[in-house]
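Below is one structure; the comments refer to it alone.
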Amino acid sequence: QVQLVESGGGLVQAGDSLRLACAASGRTFSASAVGWFRQPPGKAREFVAGITRSGGMTKYADSVKGRFAISRDNAKNTVYLQMNSLEPEETAVYYCAAERSFVLPVLPVQYSYWGQGTQVTVSS
């Protein structure tokens, strides 16, 4: 079992930065791939970024490449998402998810554990 709690969301202006954190409890976190997803109002949940259990590999949605960076600190059971140059259309609830896996899933259905989400609002 893994419990996830996101933090760091808020209201920012276009072009600003935010760093989200996903704090986990549970002994299998270090054996889990972690993904960040977002769900804009009225839209489907979409993959943003992911990181393998060791942190050796990362993936990003094309729309955030070069602006977002995912990292993890297994000693602190925490995964971070640094978001730079935020755009108004990136307003969404951001979720982290974990799955005990050697690979890096990118679909929501592939993740078993989810946090409650944190709201990110980007004003123009």
Side-chain angles (χ1 to χ4, degrees):
Q1 285 283 354
V2 177
Q3 291 80 42
L4 305 171
V5 178
E6 302 95 336
S7 62
L11 172 63
V12 297
Q13 293 187 330
D16 284 351
S17 299
L18 276 177
R19 188 175 81 153
L20 305 183
C22 173
S25 60
R27 294 187 299 171
T28 60
F29 181 72
S30 61
S32 300
V34 175
W36 281 98
F37 292 79
R38 64 189 178 193
Q39 188 163 16
K43 296 186 179 181
R45 195 169 297 190
E46 63 180 6
F47 176 79
V48 176
I51 190 166
T52 52
R53 52 196 279 172
S54 68
M57 189 177 82
T58 58
K59 288 182 185 178
Y60 297 92
D62 287 345
S63 60
V64 307
K65 283 180 182 176
R67 297 186 298 118
F68 288 16
I70 188 171
S71 61
R72 70 188 296 162
D73 185 341
N74 284 342
K76 295 183 178 179
N77 274 9
T78 303
V79 171
Y80 304 97
L81 183 67
Q82 177 68 41
M83 305 187 295
N84 300 324
S85 301
L86 282 162
E87 302 166 353
E89 52 267 34
E90 295 181 304
T91 293
V93 178
Y94 283 70
Y95 300 89
C96 67
E99 178 65 25
R100 186 169 183 172
S101 174
F102 288 100
V103 297
L104 181 48
V106 297
L107 298 176
V109 69
Q110 294 174 302
Y111 285 87
S112 299
Y113 304 103
W114 290 83
Q116 82 291 346
T118 186
Q119 177 70 47
V120 172
T121 302
V122 185
S123 64
S124 57

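When reading the values below, keep in mind they use all heavy atoms of this one structure, side chains included, and skip hydrogens, waters and symmetry mates.
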Sorted by chain and number, sequence neighbours left out, side-chain hydrogen bond (donor to acceptor under 3.5 Å, both in side chains) with Q39 holds for R45
Would you tabulate the side-chain donor-acceptor contacts of residues 15-26 under 3.5 Å, counting partners in other chains and residues two or more places apart, or write 'none'?
unit_1	atom_1	unit_2	atom_2	d
D16	OD2	Q13	N	3.1
S17	OG	N84	OD1	2.9
S25	OG	Q3	OE1	2.8

Contacts of S54 meeting side-chain contact (heavy atoms from CB on, under 4.5 Å) (sequence neighbours excluded), chain-then-number -> T52
### Query
Looking only at atom types and distance, does a side-chain atom of R72 sit under 3.5 Å from a main-chain N or O of G55, one as donor and one as acceptor?
no
Those residues at least two apart in sequence (or on a different chain) that pass salt bridge (charged side-chain N to carboxylate O under 4.0 Å, His left out) with E87 are none
Applying side-chain hydrogen bond (donor to acceptor under 3.5 Å, both in side chains) to T121 and not counting sequence neighbours gives Q119
Between the CG atom in N77 and the OG atom in S32, the distance rounded to the nearest 0.5 Å is 9.5 Å
Item to check | Side-chain heavy atoms of I70 within contact of V79, under 4.5 Å | outcome: yes
L104 vs I51 side-chain heavy atoms within contact, under 4.5 Å
no
TODO: Keeping the roles fixed (side chain from T78, backbone from K76), state whether a donor-acceptor pair exists under 3.5 Å.
DONE: yes
In terms of heavy-atom contacts, G9 and V120 come closest through CA-CG2, 4.1 Å
Quick note, ring-ring contact (aromatic ring centres under 6.0 Å, His included) partners involving residues 91-110, not counting sequence neighbours, are none
Residue pairs meeting salt bridge (charged side-chain N to carboxylate O under 4.0 Å, His left out), one or both in residues 100-113, sequence neighbours left out, come to none
Those residues at least two apart in sequence (or on a different chain) that pass salt bridge (charged side-chain N to carboxylate O under 4.0 Å, His left out) with R38 are E46, E90
Out of curiosity, does V106 fall in the hydrophobic cluster containing M57 (side-chain heavy atoms, cut-off under 4.5 Å, transitive links)?
yes
Closest non-hydrogen atoms of V2 and Y113, given as atom of the first, atom of the second and distance, are O-CD2, 3.4 Å
So disulfide bond (SG atoms under 2.5 Å apart) across residues 36-92, not counting sequence neighbours, yields none
Sorted by chain and residue number, the side-chain hydrogen bond (donor to acceptor under 3.5 Å, both in side chains) partners of S112 (sequence neighbours excluded) come out as E99
Between A14 and S124 the two heavy atoms that sit nearest each other are CB-CA, 4.4 Å
Residues pairing under ring-ring contact (aromatic ring centres under 6.0 Å, His included) where one sits in residues 36-57, two or more places apart or in two chains, turn out to be F37-F47, F37-Y111, F37-W114
Contacts of K65 meeting side-chain contact (heavy atoms from CB on, under 4.5 Å) (sequence neighbours excluded), chain-then-number -> Y60, D62
Margin query: According to a hydrophobic-cluster definition based on side-chain heavy atoms being under 4.5 Å apart (Ile, Leu, Val, Met, Phe, Trp, Tyr only), do F29 and Y80 belong together?
Written below: no
(request) Indicate yes or no: at least one non-hydrogen side-chain atom of M83 is less than 4.5 angstrom from one of R67. (result) no
Does V109 belong to the same Ile/Leu/Val/Met/Phe/Trp/Tyr cluster as V34, with side-chain heavy atoms less than 4.5 Å apart forming each link? no
